[in-house]
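Just below is one structure, and these are the notes that go with it.
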Amino acid sequence: MPNILILGGDGIGPEIMTEAKRVLSCFQNELSFTFIEKPIGGAAIDTHGSPFPKETEEAALQADAVLLGAVGGAKWDGLPLAERPEKGLLAIRKTLGLYANLRPLTIWPQLVGFSPLRPERLKDVSFVIVRELTGDVYFGEPRGFKEENGQRSAFNTMIYTEEEIRRIAKVAFDLARKRNKRVCSIDKSNVLESMRLWREIVENTHREYPDIALSHLYVDNASMQIIRQPSSFDVMLTPNMFGDILSDEAAVLSGSLGLLPSASLGGQSALYEPIHGSAPDIAGRGLANPIGMILSVAMMLDHSFHRPDLALKIQKAVSTVLDAGLRTADFWNEGTEKVSTSQMGSAIEKEITSDIVGVRK
Ligand code: IPM
Ligand code: MG
């Protein structure tokens, strides 16, 4: 019986998680899973004094899969970095060994009008960012602040080992084999030693994948090509920090940051979360878009429970609901129907249930 850990987190996290659970419950008969819920991020700081309490860590280590909403908020901004809500997210990624973060970009034909790009630029756009998730300047040591001669300075270390690069490169090449067989690796090897090694190891690893076409872009150029020619990408392989930045840029091509799911893999279990943040400014008002979270449930059903059929049911339901013109506030315009977070969730739930009932009949 699969055991799913639910981590709502902060801001809009708990609201979108309610909708994710609603959607997941449609498949209770197929999967008979159990949920447990634990605190993480700012909510955990408030109740347990730590963004990643021991009980959350233990539950994560026992879970078959983890669903996470979002963490962070202005309330905890004054805390030292090591105690902030974000630390909870970084700690769970590291503890579970989730070094491979998959962020697929889907352009929904119903939503091209919301994209900052003209519709013709979005033709044939579909790519996945494979972001390295447990290395780089996010985790590199030494890091910190120091004071010398009355002057403060602060420093971080951008570091990758060969093995860290090799294993994430393999994830990208393996994924490309199931797609259009193209990998574009992003680095800054014209300036940074860690990125020189990145490029060298990606090229070495590529020798085992002669069927995959490999190209390289410096990160500054990549950020331009995402806008100029997004259809040129199939699998985009990135270090941790560059992947964080480029995935927000890519997400907005779809019309709203609220639409993109992600899967973090590589450990014994896996974690699924939307790529957006906790949006504290709109929290608790029914304005949040639950689709990125709901599509993260679809990624979980596919990757962790090997049920691509059920994942497809969710994707189809989302598409039908978008066809019907339902929109949360982040991507609403005249002529479409503005709905709340929970109305969006229940419309998707309804589609899935009628699909299941239809099949059973
Ligand atoms: C993301 C987020 C996180 C990250 C933050 C909240 C720590 O921006 O998942 O993209 O930087 O990885
Ligand atoms: Mg980010």
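Just follow the structure's listing: the first ligand is 1, and inside any ligand the first atom is 1. Computed from a prediction, not measured in an experiment: that's the story for all the values here. Positions are given from 1, in the same order as the sequence printed here.
- Side-chain contact check for Gln110 and Ser319: at least one donor-acceptor pair (N or O, by modelled atom type) lies under 3.5 Å.
- Restricting Asp244 to its N/O/S atoms, the shortest distance to the Mg ion (ligand 2) is reached by OD1.
- A donor-acceptor pair is defined here as one N or O able to donate and one able to accept, closer than 3.5 Å; no such pair exists between the side chain of Arg327 and the backbone of Lys338.
- At a threshold of 4.5 Å between non-hydrogen side-chain atoms, the residues Met293 and Tyr272 do not count as touching.
- Each of the following atoms of ligand 1 lies closer than 4.0 Å to a heavy atom of Tyr138: 4 (C), 11 (O), 12 (O).
- Of all protein heavy atoms, the one lying nearest to atom 2 (C) of ligand 1 is Asp244 OD1, 3.9 Å.
- Both the sub-6.0 Å distance and the 45° axial angle are not jointly satisfied by Arg167 relative to the ring of Phe173.
- Put simply, no part of Glu273 is less than 4.0 Å from ligand 1, judged by heavy atoms.
- Applying the 4.0 Å criterion to heavy atoms of Arg131 picks out, from ligand 1, the atoms 1 (C), 4 (C), 9 (O), 10 (O), 11 (O), 12 (O).
- Side chain of Asp10 to backbone of Ala43: a donor-acceptor contact under 3.5 angstrom is found.
- Note that Lys94 lies in the cation-pi zone of Phe139, set by a 6.0 Å cut-off to the ring centre and a 45° limit from the axis.
- Contacts with ligand 1 closer than 4.0 Å are made by side-chain heavy atoms of Arg103 only, the backbone lying farther away.
- With a 4.0 Å cut-off on non-hydrogen atoms, Arg93 touches ligand 1 through its side chain and not its backbone.
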